[in-house]
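Quick notes on the structure that follows.
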Amino acid sequence: MTKIKDILYKVSVDTIIGSTESLVGQITFDSRNVLKGSVFVAIKGDQIDGHIFIDDAIQNGSRVIVCEKLPSNLIDGKIYVKVKDSRVALSLIAANFYGNPSDKLDVIGVTGTNGKTTISTLLYEVFNSQNISSGLISTVEIKYDNKSIATNLTTPDPLTINSSLNDMLESGVKKCFMEISSHGIDQKRVNGIKFKGMLFTNLTHDHLDYHQSFKNYRDVKKHVFDFLSKNAFALVNLDDRNAKYMLQNSRAKKYTYAIHKLADYNTKILENQFRGMLLKIKGNEIWTQMIGEFSAYNLLAVYATSMILGLEELSVLKKISELESVSGRFQIYQAPNGIMVVVDYAHTPDALKNVLSTIDKVRTKNENLYTIVGCGGDRDKKKRSKMGAVAARFSSKVIFTSDNPRNENPESIIQEMVEGVNPTDFNKTTVVIKRDEAIVAAYKFSNPGDIVLIAGKGHENYQEINGK
């Protein structure tokens, strides 16, 4: 239980109606989850305005209403807090309610278009292997102290973030590695979180339906670097043209990593095969079970972060050599009919190109490469033609199929992908609407030694179709 006035610390308040001395035991922004005496924060969303549910929240027992616009009918005995920005208020209130856990453990964020899940997960594994109790907040799961909680957002809501950090703190966790999405930043979900460090991987075409322009997308990412303290660190991929821009105005200690440019941390790929990759990092040669340049970047980011945070170098390199692919990220399987199957989360043009290029560089060219790929509905439509073009260019055969069609017609989505295919590659393409049937078709088409890439879903074991 916490006093109302204490959870409002640092919140920009316009008006308070009622006493803030009372105790509250729950915060929520969903009127359906309201418990008696709780605080309801009305969030103005992209599609639904939470202010229309204030009456429902009160009927369900809410005592405190935090909102940007006061209701016309104020009810006696209820406490109303009018704020400038409900999203910011929710993040600060959540942090205050749980005792600002990010002040008491090291939270390291990972942002960028690609690599967030892999880097944050591998950091979690490396630090726990060095007997430093660590937590993870990722697209796949929230993980700490032998607990694993499935997630469905890259960056969860502020209440989930802060309650998880608080639980981690109580479990003895010292460091938490956390994916930071552009949506999470723009929707103020990480306001109130004190970051010990922030990593930037790269920036390519993604989420432009939401951000409207690449500049907006880039500037949202930069926002988290601008607010790092002088005691934090910023680590950026210098091979990405946006890296230096991310560091502008940041007070944090600045570090860089790269493969093609001279940086604070560099690596060189000596060998690249399906069974693994030989890297040279600071004079040390290590064999890793992962392959591809994108994997080399991810592993280098893990190494650099480990060094910045003071781990012992040879011990870290040994652990890196033992790391396996993260769930749904370039996972390789041998199918019963002798084909090799690669499952990857690639759902942007750049990510798909990276995966296909990696396969293309290490295969013999005597086998066929079949790609199964689709695009999500109700999302960035501009990338669909690009995804189609990339898939057809690098594959022997492409099966265009459904991803998460959501509320769109899957045939329309696929048609937009097909329209991007170069005419010279068109004979490589076929369409199988249902994803399970597309996978079966690839299995039937292929011969022993062939390669099948199942792209887009990665770790996800579901599809979103017409609201189900």
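For the single chain, residues carry numbers from 1 onward in sequence order.
Annotation: side chain of D403 is in contact with side chain of R435 (closest heavy-atom distance under 4.5 Å). Within the 4.5 Å cutoff, no side-chain heavy atoms of I465 are placed close to those of R406. Counting heavy atoms from C-beta outward, F400 and T430 have side chains that stay 4.5 Å or more apart. Residues D239 and Y257 are not in side-chain contact: their nearest non-hydrogen atoms beyond the backbone lie 4.5 Å or more apart. Between V39 and V81 the shortest side-chain heavy-atom distance does not fall below 4.5 Å. Side-chain contact between F445 and I399: present, with at least one pair of heavy atoms (C-beta onward) separated by less than 4.5 Å. Side-chain contact check for C67 versus V83: every heavy-atom pair is 4.5 Å or farther apart.
Every residue meeting the side chain to side chain contact (heavy atoms under 4.5 Å, CB included) condition with E271, not counting sequence neighbours, appears here in chain and number order: Q273, L278, W287. Applying the side chain to side chain contact (heavy atoms under 4.5 Å, CB included) rule to K444 yields the partners V440; only residues at least two apart in sequence or on another chain are considered. In this view, D425 and A392, R393, V421, N422, K428 satisfy the side chain to side chain contact (heavy atoms under 4.5 Å, CB included) rule, not counting sequence neighbours. With sequence neighbours excluded, the residues satisfying side chain to side chain donor-acceptor pair (under 3.5 Å) with N404 are K457. In this structure P101 satisfies the side chain to side chain contact (heavy atoms under 4.5 Å, CB included) test together with Y98, N162, L165, N166, L169, sequence neighbours excluded. The side chain to side chain donor-acceptor pair (under 3.5 Å) check on D106 picks up K175, with sequence neighbours excluded.
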task: Begin from the C-alpha positions of V88 and S12 and carry the test side-chain contact (heavy atoms from CB on, under 4.5 Å) through to its verdict.
output: CA-CA 9 Å; V88 174; S12 182; over 6 Å; no
message: Working note: L136 + I142, criterion side-chain contact (heavy atoms from CB on, under 4.5 Å); need CA distance, chi angles, decisive distance, verdict.
response: CA-CA 5 Å; L136 171 70; I142 296 172; over 6 Å; no
Pair M387-R384, side-chain contact (heavy atoms from CB on, under 4.5 Å): steps then yes or no: CA-CA 5 Å; M387 293 278 285; R384 293 174 184 173; 5.7 Å; no
field: Verdict with reasoning, V190 to F195, per side-chain contact (heavy atoms from CB on, under 4.5 Å)
entry: CA-CA 9 Å; V190 294; F195 288 100; 4.1 Å; yes
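Between Y303 and Y265, the ring planes lie perpendicular to each other; the angle is over 60°, past the 30° to 60° tilted range. Aromatic ring pairs are classed by plane angle as parallel below 30°, tilted from 30° to 60° and perpendicular above 60°; the pair F294 and F330 is tilted. Ring-plane geometry between F233 and Y255 is classed as perpendicular, the angle between the planes exceeding 60 degrees on a 0 to 90 degree scale with a lower cut at 30.
The structure places CD1 of I332 at 5.0 Å from CD1 of I291, a figure rounded to the nearest 0.5 Å. In this structure, OG on S306 lies 10.0 Å from CG on L122, to the nearest 0.5 angstrom. C375 SG to L352 CG: the interatomic distance, rounded to the nearest 0.5 Å, is 9.0 Å. Rounding to the nearest 0.5 Å gives a distance of 9.0 Å between CD1 of I161 and OG of S163. In this structure, the separation between NZ on K383 and CE on M417 is 9.5 Å, given to the nearest 0.5 Å. One distance of note links CZ of R363 with CZ of F274; it measures 8.0 Å at 0.5 Å rounding.
Under a cut-off of 6.0 angstrom, the local environment of CD in Q415 is crowded, with over 12 non-hydrogen atoms contributed by other residues, nucleotides or ligands. The 12-atom threshold is exceeded at NZ of K188, counting heavy atoms of other residues, nucleotides or ligands nearer than 6.0 Å.
Residues T139 and E179 bring a donor and an acceptor atom of their side chains to less than 3.5 Å of each other. With 3.5 Å as the limit, one finds no donor-acceptor pair spanning the side chains of D167 and S164. Between S181 and T155, the side chains place a donor N or O and an acceptor N or O closer than 3.5 Å (distance only, hydrogens not considered). Checking R329 against T117 by side-chain atom types alone, a donor-acceptor pair falls below 3.5 Å. A donor-acceptor contact closer than 3.5 angstrom links the side chains of N114 and D350. With no hydrogens or angles considered, a side-chain donor-acceptor pair links D157 and T160 at under 3.5 Å.
The residues R32 and D30 are annotated as salt-bridged, a charged nitrogen and a carboxylate oxygen being separated by less than 4.0 angstrom. Using a cutoff of 4.0 Å between basic side-chain nitrogens and carboxylate oxygens, K84 and D14 are scored as salt-bridged. Using a 4.0 Å cut-off between a side-chain N of Lys or Arg and a carboxylate O of Asp or Glu, K268 and E293 do not qualify as a salt bridge.
For the pair S395 (side chain) and V398 (backbone), a donor-acceptor distance under 3.5 Å is absent. Here the side chain of D264 pairs a donor or acceptor atom with the backbone of T256 at under 3.5 angstrom. Put simply, the side chain of S402 never gets that close to the backbone of P405: no donor and acceptor are under 3.5 Å apart. Between the side chain of D360 and the backbone N or O of L356, no donor-acceptor pair lies under 3.5 Å. A donor-acceptor pair is defined here as one N or O able to donate and one able to accept, closer than 3.5 Å; no such pair exists between the side chain of N368 and the backbone of K397. In this structure, the side chain of S357 engages the main chain of K353 through a donor-acceptor pair within 3.5 Å. In this structure a side-chain-to-backbone donor-acceptor pair under 3.5 Å is present from N266 to K261. In this structure a side-chain-to-backbone donor-acceptor pair under 3.5 Å is present from S102 to K194. Of the possible polar contacts, none joining the E141 side chain to the T151 backbone as a donor-acceptor pair under 3.5 Å is found. A donor-acceptor pair is defined here as one N or O able to donate and one able to accept, closer than 3.5 Å; such a pair exists between the side chain of K116 and the backbone of G112.
Side-chain rings of H347 and Y345 approach one another, their centers coming within less than 6.0 Å. Annotation: F177 is in aromatic contact with F127 [ring centroid separation under 6.0 Å].
A pairwise comparison of heavy atoms in Y124 and S134 identifies CE1-O, 3.2 Å as the closest pair.
For the pair K222 and Y245, the cation-pi test (distance below 6.0 Å, angle within 45°) is passed.
T201 pairs with exactly one of V110, D240, T118 by the side chain to side chain contact (heavy atoms under 4.5 Å, CB included) rule, that one being V110.
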